[in-house]
There are 2 protein chains.
Amino acid sequence: MPTRTAAQQRAQARAEYDAFLASCPSRQLLDRISDKWVALVLAALGSDGPGRPGHDRADAPPAMRYSELARRLTGISQKMLTQTLRSLERDGLVIRTVTPTVPVTVTYELTDLGLSLHRVVRGVKEWAEAHLDEVRASRERYDTARPPG
Amino acid sequence: MPTRTAAQQRAQARAEYDAFLASCPSRQLLDRISDKWVALVLAALGSDGPGRPGHDRADAPPAMRYSELARRLTGISQKMLTQTLRSLERDGLVIRTVTPTVPVTVTYELTDLGLSLHRVVRGVKEWAEAHLDEVRASRERYDTARPPG
DNA sequence: CAGGATCCCGCTAGATACTG
DNA sequence: CAGTATCTAGCGGGATCCTG
């Protein structure tokens with residue numbers, strides 16, 4: 001009888017990388033994906049169903065145009081949007097498709113790898129939306145307990 | 001017959017906040033929790049079981065001392081550790097406990113709210129560790145396809 | 001339409017020194 | 001031990017102008 005379960009062994013076998021260690025390259029990757037714009041872009045590209053009406057296939061991640069993303073992510077600068085999308089493309093999380101119309105049409109869609117990250121990262125956005133009130137209440141308590149001065 | 005399922009209605013009812021909107025306060029909260037150090041601190045405080053041996057209760061989130069956290073999160077500066085912990089405390093995600101020994105002992109532990117965030121954020125760290133190889137391969141392909149120059 | 005290039009400011013993260 | 005205080009360099013990120 002083993003001291004570890006099969007699930008634990010699997011988890012450990014996969015974890016040759018440890019983001020707790022500054023020297024581990026997974027630390028830098030964690031830094032990259034722990035980003036507001038990454039979360040929002042992935043959320044936009046991964047959301048299907050009622051939140052995003054009018055897309056073609058119901059089961060596949062919808063492709064979105066650059067301008068669509070820019071409209072969806074209010075307040076993002078074109079620089080940050082482009083930069084984020086390039087980074088995601090380089091990391092294999094999104095596919096960039098250029099259609100030579102005039103003017104040119106560029107669409108972005110999640111890869112399978114990007115979809116897998118979307119599934120975990122969407123939770124962060126949803127958590128923020130769901131628990132904002134509790135966080136605000138806590139801040140108010142904290143700030144009134146020790147007045148800022 | 002409703003056009004939306006009960007689950008969809010619930011999700012929408014909760015989502016009075018929308019982080020896609022720059023004006024929505026949940027956007028700022030998303031920005032705060034989309035942070036490398038937040039992810040790592042929560043991961044450290046939330047991890048129980050074989051990853052962190054020697055804690056007292058097996059089911060409760062373990063309390064950790066400041067120095068323990070500093071040792072675990074290699075490369076973090078004391079400034080960032082303190083700052084991150086203060087922010088998490090203010091937001092109601094961790095509890096800071098001061099024990100008047102000499103020298104003083106300070107421990108941190110997750111609140112229920114913090115535990116709920118930990119459950120979603122732990123996935124991000126694990127994703128980075130699990131998929132780093134794929135990301136690296138993608139980067140190499142991308143960079144060789146278009147040489148940096 | 002979908003960016004590329006450039007300028008520039010602000011704030012943040014790190015290093016260092018000091019303390020109850 | 002667990003911080004606080006101060007300084008500074010660096011760069012993240014916005015604004016603006018230009019283009020295939």
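The chains referred to below are lettered A, B, ... by the order of the sequence lines, with proteins before strands, and numbering in each begins at 1.
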Report yes if the side chains of [X] and [Y] come closer than 4.5 Å at any heavy-atom pair, otherwise no.
X      : Y      : result
L88(B) : L45(B) : no
T74(B) : S23(A) : no
T84(B) : S87(B) : no

Over all heavy atoms of both residues, which pair between A22(A) and G75(B) is shortest? Give the atoms and the distance, please. CB-CA, 4.0 Å
How long is the gap from CG on L30(A) to NZ on K125(B), to the nearest 0.5 Å? 8.0 Å
Expected rows: protein N/O vs nucleotides 12-18 of chain D N/O, under 3.5 Å:
residue	atom	partner	partner atom	Å
dG13(D)	N7	K79(A)	NZ	2.6
dG13(D)	O6	K79(A)	NZ	3.4
dG14(D)	OP2	S77(A)	OG	2.9
dG14(D)	O6	K79(A)	NZ	2.7
dT16(D)	O4	Q78(A)	NE2	3.3

Please identify which of these residues, D133(A), L132(A), V135(A), meets the side-chain contact (heavy atoms from CB on, under 4.5 Å) condition with S26(B). L132(A)
What is the separation between atom [atom1] on [X] and atom [atom2] on [N], rounded to the nearest whole Å?
X      : N       : atom1 : atom2 : result
Y66(B) : dG20(C) : OH    : P     : 18 Å
R27(A) : dA13(C) : CZ    : C1'   : 13 Å
L81(B) : dA2(D)  : CG    : P     : 10 Å
L69(B) : dC1(D)  : CG    : P     : 14 Å

Is R65(B) close enough to dC1(D) that one of its side-chain N or O atoms is under 4.0 Å from OP1 or OP2 there? no
Phosphate OP1/OP2 of dC1(C) contacted by S67(A) side-chain N/O (<4.0 Å): no
Do any of residues 84-108 of chain A sit with a heavy atom less than 4.0 Å from DNA chain D, and if so which? none
Are E140(A) and R136(A) within salt-bridge range, i.e. N to O under 4.0 Å? no
Do the charged groups of R122(A) and E126(A) touch, with an N to O distance under 4.0 Å? yes
